[in-house]
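Worksheet: one structure, shown below.
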There are 2 protein chains.
Amino acid sequence: MTAEPESDEQACRQVLQILALIGDKWSILVVGHLRDRTLRFGELHRAVTGISQRMLTLTLRQLERDGLLTRTAHPTVPPRVDYALTPLGTTLLDSVVALAEWANIHRPTIIDNRCRYDATHPPRTQA
Amino acid sequence: MTAEPESDEQACRQVLQILALIGDKWSILVVGHLRDRTLRFGELHRAVTGISQRMLTLTLRQLERDGLLTRTAHPTVPPRVDYALTPLGTTLLDSVVALAEWANIHRPTIIDNRCRYDATHPPRTQA
DNA sequence: CAGTATCCGAAAGGATACTG
DNA sequence: CAGTATCCTTTCGGATACTG
């Protein structure tokens, strides 16, 4: 439980792996929309503004693979596919909420910091 | 405070902005190593295994710009630059810990889920 | 409706060489 | 020591067209 330098590095790498799960452009949006209710593919497509069909499919496959959501295809015509969070996906969302709160609290500060930085540090390189 | 569909979307987008701060390949590693003590550029370079000099510089600039760490250049020869977390950076790290715990608890499950998925779902497309 | 397949431009990031 | 500048490869993701 204690944090030696080595295990710190290990812990960071493991967090990174999880962050990779949801740190991409769309996963959190998709999971967020599934928080309250099951949604169909088309509903998700409309709900997550700006996502392409391709990215929605890839994102859903990834999340399904990791066990964060379930995919249920109904053998009807026309086809109907429902996506729902698993308990695992729900607990992840709960953990992300902590970060969400941090985000909401400190976002103004960070934006301010950036403005101040940009004002005092002339863009010499790699703007 | 209540969560309407619209504000959910907004909240997710805001979390995404923060996740973009630290969801990149290196930021968390750098911040993690600065958790306990101030480090010099070279120390960080050695501590964060695999990072290139370029990426370390860019990551540090970004974190400095957002006010998550401070950069202190000592006018000595040879030059010496110290990096340290700000209080803001420290609080972020605290929030990330929640995610870290989630990661450590559920990582085996996720890995298992993946294996099961890969075993049952033949790689038809876009492997 | 719910995808798949293909193409393509943008962006991230590594390797290397050079500098105050 | 602590960067910068440049090049170059890899990856990400959007647009589009097609299918069961």
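Throughout, protein chains are lettered first and strands after them, A, B, ... in sequence-line order, and every chain is numbered starting at 1.
Of all nucleotides present, only C/dG9 satisfies the Watson-Crick or G-U wobble test against D/dC12, with each distance under 3.5 Å. The partner of C/dT19 is D/dA2, judged by Watson-Crick or G-U wobble contacts that both fall below 3.5 Å.
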**Message:** Go through it in stages, so that I can follow the logic: the residues are A/Ile110 and B/Leu88, the test is side chain to side chain contact (heavy atoms under 4.5 Å, CB included), and I'd like the CA-CA distance, side-chain angles, deciding distance and then a yes or no.
**Reply:** CA-CA 9 Å; A/Ile110 290 175; B/Leu88 184 64; 4.0 Å; yes
**Request:** Could you give me the CA-CA distance, side-chain angles and deciding distance for A/Val48 and A/Thr59, then say whether side chain to side chain contact (heavy atoms under 4.5 Å, CB included) is met?
**Result:** CA-CA 12 Å; A/Val48 182; A/Thr59 302; over 6 Å; no
**Request:** Determine, step by step, whether B/Arg54 and B/Leu58 satisfy the side chain to side chain contact (heavy atoms under 4.5 Å, CB included) criterion, reporting the C-alpha distance in whole Å, the side-chain angles of both residues, the deciding distance to 0.1 Å, and the verdict.
**Result:** CA-CA 6 Å; B/Arg54 178 180 125 89; B/Leu58 289 177; 3.8 Å; yes
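Rounded to a whole Å, the CG atom of B/Leu60 is 16 Å from the P atom of D/dC1. Regarding B/Glu43, its CD atom lies at a distance of 11 Å from the P atom of D/dC1, rounded to whole Å. A straight line from NE2 of B/His45 to P of D/dC1 spans 12 Å, rounded to a whole angstrom. When rounded to the nearest whole Å, the span between CG of A/Leu58 and P of C/dT4 equals 9 Å. What separates CD of A/Glu64 from C1' of C/dA2 is a distance of 14 Å, to the nearest Å. Rounded to a whole Å, the CZ atom of A/Phe41 is 10 Å from the C1' atom of C/dT4. In this structure, B/Tyr83 atom OH and D/dA2 atom P are separated by 8 Å, rounded to whole Å.
Applying side chain to side chain donor-acceptor pair (under 3.5 Å) to B/Arg116 and the options B/Asp112, B/Thr120, B/Asp118 leaves one that passes, B/Asp112.
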**Fill in**
B/S/- along nucleotides 13-20 of chain D (protein heavy atoms under 4.0 Å) is BBB----B
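At the phosphate of C/dA2, neither OP1 nor OP2 sits under 4.0 Å from any side-chain N or O atom of A/Arg46. Applying the 4.0 Å criterion to OP1 and OP2 of C/dA2, one finds that A/Arg40 has a side-chain N or O inside that range.
Classified by interplanar angle (parallel below 30°, tilted 30° to 60°, perpendicular above 60°), the ring pair B/His106/B/Trp102 is tilted.
When all heavy atoms of B/Gln53 and B/His45 are compared, the pair lying nearest together is N-NE2, 3.7 Å.
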